[in-house]
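In listed order, ligands and their atoms are each counted from 1.
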Amino acid sequence: MLVIESPQQLREAIKQFKQQGKAICFTPTMGNLHQGHLELVKQGQKVAPISVVSIFVNPMQFNNADDLKNYPKTLDADCQALEAQGVDIVFTPSSDVIYPNGLAVQTYVEVPVLSDCLEGELRPGHFRGMSTIVNKLFNLVQPDYACFGEKDFQQLAIVKQMVIDMAMPIEIIPVATVRETSGLAMSSRNNKLSEGDKRKAPLLAKVMNQLAIDTQNNTTQHSLLIRDACHVLEAGGFDTDAIHIVDVLTLQAVTPETKQAVVLMAAFLGSTRLIDNKVVSICTNKDFTL
Ligand code: PAF
């Protein structure tokens, strides 16, 4: 496995694989890898013989300087896990290499509408930073495929739209969320939970699954379903941040035309914000109420 820091060396290595006619699958990460990241890599390896992973904690997508500073860095362990997984190249650029002139003058890529709602409303500039770095990494790696987790549902929707809008010759591969046996979605953030909070955490997925069933049955108004879900979470020790039921394609409110909706959950356990989501087919031909 090659561990490469410089874009020039990366381009050289990629050029050689391309000359051999080998397809490339790319998985961008910010490191601190867990089973969920490795699953992205594995799914990529099913579609392309060459696997490239980037590890770059992207300052442009952080709203909070402390979050950026405290972001866990586990490069040695990450590289070991990626090598064991048969990855061909790990790209680990520094911030100076990616943003040589600083963030203030960096050209950016922004997917409108999809970036402005939901998480985008809570974290202004986050998705602009994310789509800018993904665009730049795509230009450097020039992959045929790229894997993104369904756990970050809005991120995946934005990347898919960016690839379409910018006519990028890249197929985006959505990868299902990897869960603990308890149902808890895997996340680097789970490591921050206290032992007590770890026991409480699986409730988020349980409440989400029930909410998804209720949404599917469309038995009552979505706002009432969300209110009940908040109560259950709060009784279980969570502080609910946001629960939304939106159209999967537009990420806007469900309409009579909506065929699939996504239940999006965000709730705090202590200071750790956990997210999860579930897609449901909905039947809006009954009494349609929100
Ligand atoms: O999902 C992440 O880890 C990041 O948003 C990504 C896609 C690596 C871009 O920095």
Side-chain angles (χ1 to χ4, degrees), residues 7 10 25-41 43-44 51-64 67-75 77-79 81-82 87 89-99 103 106-111 114-115 118-120 122-141 143 145-163 166 168 170-178 185-192 264 266 272-277:
L10 176 72
C25 186
F26 174 50
T27 304
T29 80
M30 298 208 296
N32 196 221
L33 305 182
H34 52 70
Q35 231 14 70
H37 295 106
L38 297 178
E39 186 58 27
L40 300 180
V41 173
Q43 293 305 319
S51 169
V52 179
V53 175
S54 63
I55 297 179
F56 177 63
V57 183
N58 175 32
M60 200 178 179
Q61 70 189 75
F62 282 79
N63 312 81
N64 179 316
D67 285 353
L68 174 62
K69 203 173 85 201
N70 297 327
Y71 199 87
K73 291 175 190 71
T74 52
L75 186 61
D78 292 348
C79 285
L82 294 174
V87 166
I89 300 179
V90 184
F91 180 47
T92 60
S94 69
S95 200
D96 291 347
V97 159
I98 293 292
Y99 301 119
L103 291 180
Q106 170 66 39
T107 300
Y108 59 81
V109 176
E110 187 158 23
V111 177
L114 289 179
S115 300
L118 306 169
E119 291 286 303
L122 303 174
R123 301 170 70 187
H126 166 70
F127 286 122
R128 173 197 288 183
M130 184 282 294
S131 34
T132 301
I133 190 62
V134 170
N135 193 296
K136 190 156 187 168
L137 291 168
F138 280 178
N139 286 334
L140 289 165
V141 176
Y145 305 91
C147 294
F148 286 81
E150 286 176 348
K151 173 151 177 290
D152 292 304
F153 194 86
Q154 192 171 3
Q155 168 169 285
L156 173 61
I158 291 168
V159 171
K160 280 185 188 162
Q161 193 62 49
M162 176 181 79
V163 163
M166 304 310 277
M168 293 171 148
I170 302 171
E171 185 179 328
I172 301 301
I173 303 187
V175 178
T177 303
V178 180
M186 286 198 187
S187 162
S188 307
R189 292 179 183 207
N190 297 352
N191 296 330
K192 293 193 197 163
L264 297 161
T272 306
R273 187 172 185 266
L274 299 179
I275 60 167
D276 206 345
N277 68 75

Reported CG-to-CD distance for the pair Leu103 and Gln61, which is rounded to 0.5 angstrom: 11.0 Å

Ligand 1 N/O within reach of Gln61 N/O, cut-off under 3.5 Å: yes

Residues Tyr71 and Asn58: side-chain donor-acceptor under 3.5 angstrom: no

Numbered atoms and elements of ligand 1 in range of Ile133, under 4.0 angstrom, heavy atoms: 9 (C), 10 (O)

Ligand-residue contact atoms, ligand 1 with Met130, heavy atoms, under 4.0 Å: 5 (O)

Atom 3 (O) of ligand 1: the protein heavy-atom neighbour that sits closest, reported with distance to 0.1 Å: Met30 CG, 3.7 Å

Side chain to side chain, Glu119 and Leu122, heavy atoms closer than 4.5 Å: yes

Arg189 to Thr272 - nearest heavy-atom pair and separation: O-CG2, 3.5 Å

Distance-only side-chain donor-acceptor flag, Glu39 / Gln35, under 3.5 Å: no

For atom 6 (C) of ligand 1, the option (of Gln155, Lys136, His126) bearing the nearest heavy atom: Gln155

Atom indices of ligand 1, in the order listed, that fall short of 4.0 Å to a heavy atom of Pro28: 8 (C)

Within the 6.0 Å centroid threshold, strictly below: Phe26 and Phe91: no

Contact check: Thr29 vs ligand 1, nitrogen or oxygen atoms, below 3.5 angstrom: no

